[in-house]
There are 2 protein chains.
Amino acid sequence: MLSQRRKDMASQTEENYLKALYSLSVGKIEVNISELSAALNVSNPTVNSMVKNLKTKGLVKYEKYKPLSLTEKGRKAAALIVRKHRLTEMFLVEKMGFGWEEVHEIAEQLEHVNSSKLFDRMDELMDFPLVDPHGSPIPDRNGNISESAYEPLSKFSVGRKVKLAALGHSSTEFLKYLNSRELSLGTEIEIKSIEPYDGSMVLSYQNHASETFTKAVCESLLVERVG
Amino acid sequence: MLSQRRKDMASQTEENYLKALYSLSVGKIEVNISELSAALNVSNPTVNSMVKNLKTKGLVKYEKYKPLSLTEKGRKAAALIVRKHRLTEMFLVEKMGFGWEEVHEIAEQLEHVNSSKLFDRMDELMDFPLVDPHGSPIPDRNGNISESAYEPLSKFSVGRKVKLAALGHSSTEFLKYLNSRELSLGTEIEIKSIEPYDGSMVLSYQNHASETFTKAVCESLLVERVG
DNA sequence: CTAATATGTTAGAGTCTTCTAACAAATATT
DNA sequence: AATATTTGTTAGAAGACTCTAACATATTAG
Ligand SMILES: [Mn+2]
Ligand SMILES: [Mn+2]
Ligand SMILES: [Mn+2]
Ligand SMILES: [Mn+2]
């Protein structure tokens with residue numbers, strides 16, 4: 001028997017649109033059709049018609065030629081997908097021994113599995129984690145999320161001691177790069193110097209007395225003050 | 001970015017057809033279009049066109065009005081899906097604390113996840129189990145499967161001592177029924193008597209001195225001789 | 001303000017998966 | 001063997017998701 005998705009729930013495709021819209025909405029309310037196209041790697045007309053579809057389902061607010069935004073219903077639906085994604089990533093790292101650079105691809109698929117049982121059990125087995133392996137907060141069962149208030153390392157000045165708490169993005173390449181520098185979440189870091197020319201930072205942490213990171217990298221290292 | 005399936009692999013729908021065909025093929029080589037329709041809960045013409053599609057992909061052997069069968073390529077593809085299904089079921093039971101009656105629905109979805117990493121890790125974490133929670137054998141990485149030679153309990157006579165090794169089918173209802181009788185895999189059973197009228201059996205096992213099971217149930221209890 | 005550019009929409013089409021209605025072949029029954 | 005029933009096929013259509021080409025609107029730059 002073909003296990004068919006209930007008709008009242010979003011298809012896998014619709015879920016990916018909602019999630020992309022949700023990610024693009026952090027820090028702003030409205031999103032362009034073109035931003036969505038780029039994020040999802042589909043054409044503009046494809047997004048256009050999907051947006052109309054999502055509008056009829058009450059998941060997005062949209063008027064011709066205007067930018068779009070999620071409705072409350074859409075926001076919650078998206079947050080619940082993000083919840084499944086992040087719980088999965090954390091489970092893969094914590095309970096299955098995967099590296100933080102390996103889990104996104106798998107979570108991208110598992111996030112569409114329809115089974116509260118599965119994800120609630122993951123949650124329970126991990127004792128209800130608050131963040132995923134990249135430091136991003138995990139929405140609760142109701143789709144509520146506590147936005148973290150970490151700041152990019154690039155904002156601080158020489159001498160400051162901080163702790164790496166999260167990442168601005170978590171592409172596989174970036175994560176592998178951090179692995180190669182032995183930099184992981186929770187690491188305490190001191191800013192040794194800042195190059196005025198290009199904003200690159202020389203950092204000291206653990207058994208790395210002096211490692212240089214570009215400004216771009218430092219903007220994606222989200223930290224909290226220490227001491 | 002929409003995580004799209006590689007074009008050279010079977011779609012989720014195609015995978016479900018292959019798997020159904022595979023299940024229907026146990027003990028016989030050829031399968032009817034109508035059997036497949038019934039198993040997948042789709043119409044006859046739908047199966048007919050999908051079968052043509054699978055034929056062009058070299059996954060099934062088929063001629064108009066003749067019964068169909070999997071090619072070697074199709075057989076292997078199906079076995080690898082079954083592998084993912086059964087590894088998942090075992091992982092859910094062994095590592096996540098699910099009951100054997102809860103895992104099929106979840107595995108039905110996870111079996112379509114494209115990630116050798118995930119399933120090989122499950123395999124490793126469980127130390128390479130040979131069977132799933134219902135006693136069905138798990139195909140290896142090459143799609144090879146060792147058909148188990150267990151016999152239905154209904155074939156034995158009074159006085160025989162056996163051990164429950166597998167199930168002929170594993171519907172949720174059947175599994176819940178067995179739960180209610182506290183009958184699980186590995187349980188040693190003695191046949192106390194057989195009712196000649198309807199073939200029902202009175203069994204003794206663990207702290208159940210005398211439990212009656214219908215012939216239909218006993219045909220689905222696959223056992224091995226003990227002592 | 002006008003022209004150039006960027007962004008968004010419509011139209012039309014193709015693939016995949018499914019359906020129902022109508023017809024054809026094979027099998028079973030009398 | 002003739003008829004009835006079961007099984008399988010064809011035809012035609014629909015919905016979901018995607019594309020490209022052409023056109024429309026909005027924004028940016030001179
Ligand atoms: Mn991720
Ligand atoms: Mn996804
Ligand atoms: Mn199963
Ligand atoms: Mn399935």
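Heavy atoms only: backbone and side chains are in, while hydrogens, waters and symmetry mates are out. Numbers restart at 1 for each chain; the letters A, B, ... are given by sequence-line order, proteins then strands.
Here the C1' atom of nucleotide D:dC19 and the CG atom of A:Asn41 are 13 Å apart, to the nearest Å. For A:Glu14 and D:dT18, the CD to P distance is 10 Å, given to the nearest whole Å. At whole-Å resolution of the value, NZ in B:Lys55 and P in D:dG8 are 16 Å apart. If you take CZ of B:Arg5 and C1' of D:dA16, they are 17 Å apart, rounded to a whole angstrom. Remark: C1' of D:dA16 and CE of A:Met50 are 8 Å apart, rounded to the nearest angstrom. The CG atom of B:Asn16 sits 11 Å away from the P atom of C:dT17 (whole-angstrom rounding). One interatomic measurement links the two molecules: CG of B:Leu36 to P of D:dG8, which rounds to 10 Å at whole-angstrom precision. The interatomic distance linking B:His112 (NE2) with C:dT17 (P) rounds to 12 Å, in whole Å.
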Validation: residues 168-175 of chain B side-chain donor-acceptor distances under 3.5 Å, sequence neighbours left out:
| residue | atom | partner | partner atom | Å |
| --- | --- | --- | --- | --- |
| B:Ser171 | OG | B:Phe174 | N | 3.2 |

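Evaluation of the ring-ring contact (aromatic ring centres under 6.0 Å, His included) rule for B:His104 yields B:His85 as partners, not counting sequence neighbours.
Remark: B:Ser11 is in phosphate contact with C:dT17, judged by side-chain N or O atoms under 4.0 Å from OP1 or OP2. Applying the 4.0 Å criterion to OP1 and OP2 of C:dC19, one finds that B:Thr46 has a side-chain N or O inside that range. The side chain of B:Ser43 contributes no N or O atom lying less than 4.0 Å from OP1 or OP2 of C:dT18. Of the side-chain N and O atoms in B:Tyr17, one or more sit less than 4.0 angstrom from OP1 or OP2 of C:dT18.
Shown are A:Ile81, A:Ile145, A:Asn144, A:Leu80; of these, the side chain to side chain contact (heavy atoms under 4.5 Å, CB included) with A:Pro139 is made only by A:Ile145.
Taking the charged nitrogens against the carboxylate oxygens, B:Lys55 and B:Glu63 do have a contact shorter than 4.0 Å, which makes a salt bridge. A salt bridge links A:Glu35 and A:Lys28; the closest N-O separation between the charged side-chain nitrogens and carboxylate oxygens is under 4.0 Å. Between A:Arg86 and A:Glu89 there is no salt bridge, since no side-chain nitrogen of the basic residue lies less than 4.0 Å from a carboxylate oxygen of the acidic one.
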Report all interatomic pairs (protein N or O, nucleotide N or O of nucleotides 4-11 of chain C) with separations under 3.5 Å.
| residue | atom | partner | partner atom | Å |
| --- | --- | --- | --- | --- |
| C:dG8 | OP2 | A:Ser34 | N | 2.9 |
| C:dG8 | OP2 | A:Ser34 | OG | 2.5 |
| C:dT9 | OP1 | A:Tyr62 | OH | 2.1 |
| C:dT9 | OP1 | A:Tyr65 | N | 2.9 |
| C:dT9 | OP2 | A:Asn48 | ND2 | 2.1 |
| C:dT9 | OP2 | A:Tyr62 | OH | 3.2 |
| C:dT9 | O5' | A:Asn48 | ND2 | 3.1 |
| C:dT10 | OP1 | A:Lys64 | NZ | 3.1 |
| C:dT10 | OP2 | A:Lys52 | NZ | 2.5 |

**OP:** Please lay out, stage by stage, how A:Lys19 and A:Glu111 fare under the test salt bridge (Lys or Arg N to Asp or Glu O under 4.0 Å).
**Re:** CA-CA 10 Å; A:Lys19 194 163 65 92; A:Glu111 72 191 0; 3.2 Å; yes

